[in-house]
Each structure stands twice: as structure tokens, then as C-alpha cells.
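One structure below.
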Amino acid sequence: MKRMNRVIYLGLALAMCFSLLSSAYAVEEQNSNVISFEDYYKALKAEYAKYNMNLEILDHNDSFVYTQEFLDEKIASLNSYMETADFDKESGTFLDYNCEETTNENNTEGQSILGIMPNTRDYTLYPTVNATGIFPGSAELEIRVNVTEDVSSGVFMSINSVTSRQYGTAVNFESWTQTSHTVHIISNYNSLIYGVVHGTLVAIYTEPKTGNVIRNTSDHDLQVSIDCEA
């Protein structure tokens with residue numbers, strides 16, 4: 001009976017030792033996979049920079065444990081997103097082409113002795129730009145093109161201004177800044193305006209898993225195509 005008890009005690013002792021060794025190995029393996037927040041931030045920021053995006057972590061959670069595996073997942077998610085994104089590598093901009101056009105006719109300015117009836121009119125487009133990368137965000141914009149058109153012949157005479165602003169719904173939106181535009185009247189078809197509005201979108205997001213407050217800045221091109229409705 002005593003011999004049996006010794007065998008049992010020995011078996012329990014061996015099992016306990018094996019459990020402790022396994023736990024110690026698991027902790028060691030986990031610790032070897034741990035990286036600092038600074039290394040995580042630097043690597044992720046560099047990955048975003050490849051696509052002309054400026055990623056900033058404005059506030060981070062000191063208690064969160066960053067691992068190489070977690071970083072690899074973030075990078076893989078970004079690269080997977082970029083595989084299907086409409087992105088121009090040469091200009092470093094995201095292309096947004098879906099616009100809904102409406103018009104708002106202003107007062108007729110008058111009629112010249114040549115019989116031309118100039119009229120100023122606002123044409124408005126409503127595209128949606130999406131925050132890019134690994135977090136959600138979007139903003140509805142309004143593009144307003146003020147023109148002078150010849151009512152008698154139904155053609156554009158001049159473009160007076162092209163402006164854009166955030167208008168409508170927005171998710172994780174911080175700002176939109178129009179930087180320039182190439183909108184012009186097509187010379188062979190004076191009844192058509194075509195071009196691109198260039199701008200910068202800034203989105204801000206609190207990541208649920210880490211609690212980090214992240215800001216991402218990206219450049220976008222918005223296509224403008226308008227038919228004269230004079």
C-alpha cells in the first residue's frame with residue numbers, strides 16, 4: 001500500500017513539474033514575441049507611408065501588450081485592403097469617381113447686343129470619400145462649380161469657381177481640405193466640363209482592441225463631369 005502511495009505521489013509530482021515547465025515555456029515564448037509600442041508604431045507608420053498616408057497614434061494604451069503577431073496582422077490587413085483600393089501609385093492618391101449631380105440656377109445677368117444670354121449657375125456634385133487603411137471612416141462632400149453659360153446656345157462660357165466642403169453625413173471625420181483642381185471646359189465640346197478636384201482627408205478613430213486614438217491623412221482625387229443644362 002505504501003509502495004502504491006509512493007507511485008501516486010511520484011506521478012503527481014512529475015505531472016506538476018511538467019505543468020510548471022509548460023507554463024514557463026509558454027510565458028517565455030509569449031515574452032519573446034512581445035515588442036515595444038515604439039517599434040509597433042514605427043513599423044505600422046512606415047507601412048502606411050508606402051501608400052502616401054500619414055498615420056499618427058495620438059494617444060496609446062500603456063497597458064496593452066504589443067506582439068509581433070499583432071503587428072503582422074495589422075500590416076496584412078492594410079496590404080489586403082490596398083490590393084482592391086483604387087489607388088494611383090504615381091500620384092499617391094485615392095480615386096473617388098461616384099458623384100451625384102444636381103443644379104441650382106441663379107439669376108440671368110443680361111443679354112448682349114449679339115443675342116448671347118449669359119447666365120450664372122451652380123452645379124453641385126456629392127461624392128463620398130472613404131478613410132483608407134485598417135479602420136472605418138467616410139465623409140460625404142459637396143463640390144460646387146460656379147459657371148457662366150450661354151443660355152441661347154447651351155454652352156459654357158467660363159468657370160468662375162470650384163469649391164468643395166464636407167456636407168452631409170460623416171464617420172470618424174476630422175477634416176477635408178481642397179488643395180487644387182484641374183476642372184476645365186472641354187474645348188471641342190463647350191457643353192461639357194471635366195476635371196479633377198484634389199484634396200486631403202483626415203480621419204480619426206479610436207481602436208477598440210488597443211484603445212489607441214489614431215489619425216490617418218490621405219490624398220484623394222474626385223472626378224468632375226458636368227453637362228451644360230442651359
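These values consider heavy atoms only, across backbone and side chains, with no hydrogens, waters or symmetry-generated copies. Because the structure is predicted, anything quoted here is derived from the model rather than measured.
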Point to revise | Greater than 12 external heavy atoms within 6.0 Å of Glu73's CD | key: yes
Point to revise | Test side chain to side chain donor-acceptor pair (under 3.5 Å) applied to Arg144 and Thr124, Thr163, Asp122, the passing residue | key: Asp122
Review point. Got a donor-acceptor contact below 3.5 angstrom from the Tyr41 side chain to the Ile57 backbone?
Key: yes
Review point. Who passes ring pair (Phe, Tyr, Trp, His ring centres under 6.0 Å) against Tyr205, sequence neighbours left out?
Key: Phe135
Review point. Between Phe37 and Tyr66, how do the two ring planes meet: parallel, tilted or perpendicular, split at 30° and 60°?
Key: tilted
Exercise for review: For atom NZ of Lys45, decide whether the heavy atoms of other residues, nucleotides or ligands shown that lie under 6.0 angstrom number more than 12.
Suggested key: yes
Point to revise | Set of salt bridge (charged side-chain N to carboxylate O under 4.0 Å, His left out) partners for Arg215, sequence neighbours left out | key: Glu56, Glu174
Exercise for review: Classify the ring geometry between Tyr40 and Phe70 as parallel (under 30°), tilted (30 to 60°) or perpendicular (over 60°).
Suggested key: parallel
Point to revise | Residues in side chain to side chain donor-acceptor pair (under 3.5 Å) contact with Thr210, at least two apart in sequence or another chain | key: Glu207, Asn212
Point to revise | Side-chain touch Tyr51/Leu78, heavy atoms, less than 4.5 angstrom | key: yes
Review point. Under a 4.5 Å cut-off applied to non-hydrogen side-chain atoms, are Leu201 and Phe94 in contact?
Key: no
**Study point:** Student check: side-chain heavy atoms of Thr148 and Pro118 closer than 4.5 Å
**Key:** yes
**Study point:** Of Asp219, Asp86, Leu222, Val196, the residue whose pairing with Thr93 passes side-chain contact (heavy atoms from CB on, under 4.5 Å)
**Key:** Asp219
Point to revise | Gap between atom OG of Ser225 and atom CG of Leu192 - 0.5 Å precision | key: 5.0 Å
**Study point:** Ile214 vs Leu55 side-chain heavy atoms within contact, under 4.5 Å
**Key:** yes
Review point. Partners of Lys50 by salt bridge (charged side-chain N to carboxylate O under 4.0 Å, His left out), sequence neighbours excluded?
Key: Glu47
Practice item. Verify, without hydrogens or angle tests, whether Thr179 (side chain) and His198 (backbone) share a donor-acceptor contact under 3.5 angstrom. Key: yes
Review point. Would a distance-only check, ignoring hydrogens and angles, find a side-chain to backbone donor-acceptor pair under 3.5 Å from Ser80 to Ala76?
Key: no
Check your understanding: Would you say the side-chain atoms of Glu149 pair up with the backbone N or O of Thr120, donor to acceptor, closer than 3.5 Å?
Key -> no
Exercise for review: Starting from Ile204, walk the hydrophobic network (Ile, Leu, Val, Met, Phe, Trp, Tyr; side-chain heavy atoms closer than 4.5 Å) and list everyone else you reach, by chain and number.
Suggested key: Leu58, Val213
Exercise for review: Return each pair, listed once, that meets ring-ring contact (aromatic ring centres under 6.0 Å, His included) where at least one residue sits in residues 167-187; pairs must be two or more places apart or across chains.
Suggested key: Tyr126-Tyr167
